[in-house]
Amino acid sequence: MSARVVVLISGAGSNAAALLDAAAEPGYGATVVAVGADRRGAGGLALAQEAGVETFTVPFADYGDRGEWNAALSERLDAYRPDLVVSAGFMRIIGAEVLARHTVVNIHPALLPAFPGAHAVRDALAYGVKVTGATAHFADSGVDTGPVIDQVAVRVEPGDDTASLHERIKSVERRMLVDVVGRLAREGWSVQDRQVSLGGPGIRQSPSTEYVAEENR
Ligand code: GRF
């Protein structure tokens, strides 16, 4: 059995596209069952449709407040019974209601805990760091604060601007995401005191502490 993955996006969806490609390979261990967005017309939705994957939108503006929007998102996610939700360039804070029900992996274009938030690449450049990168982590109730699953470093080159640096980060970020999701799906994981280990003991405790996709073992 393949792990069921729902991918959430806000924009171009190049990370979602990389996951769709990987999941099409036999033996990857995960299947993308849906791609969802917080806005209509997010580029990645068309890519998913071309790949024959279901899409949905939960536009923030359609709901009265953050609570209602989170409840709607939670309901949509529940319908797909995902083993993993992947926030791949999803520019919204996912609320506690969703996090209590689903394991959410987020990617971030910086080496956390440096430069959390929506402007990580710009902030890293402005600070003048020589090395930045990408992080995959489990989402928790903070902004980019959850347990780190993997990180990859990227050098800042002389003359880089936000666009050029972000492009280089995104190319390593996509590979990392594909690797991380495949390994989580095939091997399972555990989290203890923020330490993420792949290859957990195969006991589901709660989505936020320990879970192994047992069907995949
Ligand atoms: C990624 O760098 C992600 O980390 C950030 O937004 C970018 C999304 O790119 N939050 P794409 O939509 O997957 O092309």
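Atoms within a ligand are numbered from 1 in the order they appear, just like the ligands themselves.
For the atom pair F60 CZ and D65 CG, the distance stands at 8.0 Å (nearest 0.5 Å). The distance from atom OG1 of T55 to atom CG of L47, rounded to the nearest 0.5 Å, is 11.0 Å. D38 contributes atom CG, which lies 9.5 Å from atom OG1 of T57 (distance to the nearest 0.5 angstrom). Rounded to the nearest 0.5 Å, atoms OG (S197) and CD (E187) are 11.0 Å apart.
For ligand 1, the polar-atom distance check finds no N/O of G89 at less than 3.5 Å from any of the ligand's N/O atoms.
Counting atoms of ligand 1 from 1 in the listed order, those under 4.0 Å from a heavy atom of M91 are 10 (N). Near S14, meaning under 4.0 Å from any of its heavy atoms, are these atoms of ligand 1: 11 (P), 12 (O), 13 (O), 14 (O). Every atom of ligand 1 with a heavy atom of H166 under 4.0 Å away is listed here by number and element: 1 (C), 2 (O), 7 (C).
Contact annotation: for R174 versus ligand 1, there are no heavy atoms closer than 4.0 Å.
At the top of the distance list for atom 12 (O) of ligand 1, counting protein heavy atoms only, stands G13 N, 2.8 Å. The protein non-hydrogen atom at the shortest distance from atom 9 (O) of ligand 1 is K170 NZ, 3.2 Å. The protein heavy-atom contact nearest to atom 3 (C) of ligand 1 is E173 OE2, 3.5 Å.
Closest heavy-atom contact between N70 and E97: C-OE1, 4.3 Å.
Formation of a donor-acceptor pair under 3.5 Å by the D83 side chain with backbone atoms of R4 is found in this model.
Between I107 and ligand 1 there is a heavy-atom distance shorter than 4.0 Å.
No hydrogens or angles considered: a donor-acceptor pair under 3.5 Å links the side chains of H102 and D78.
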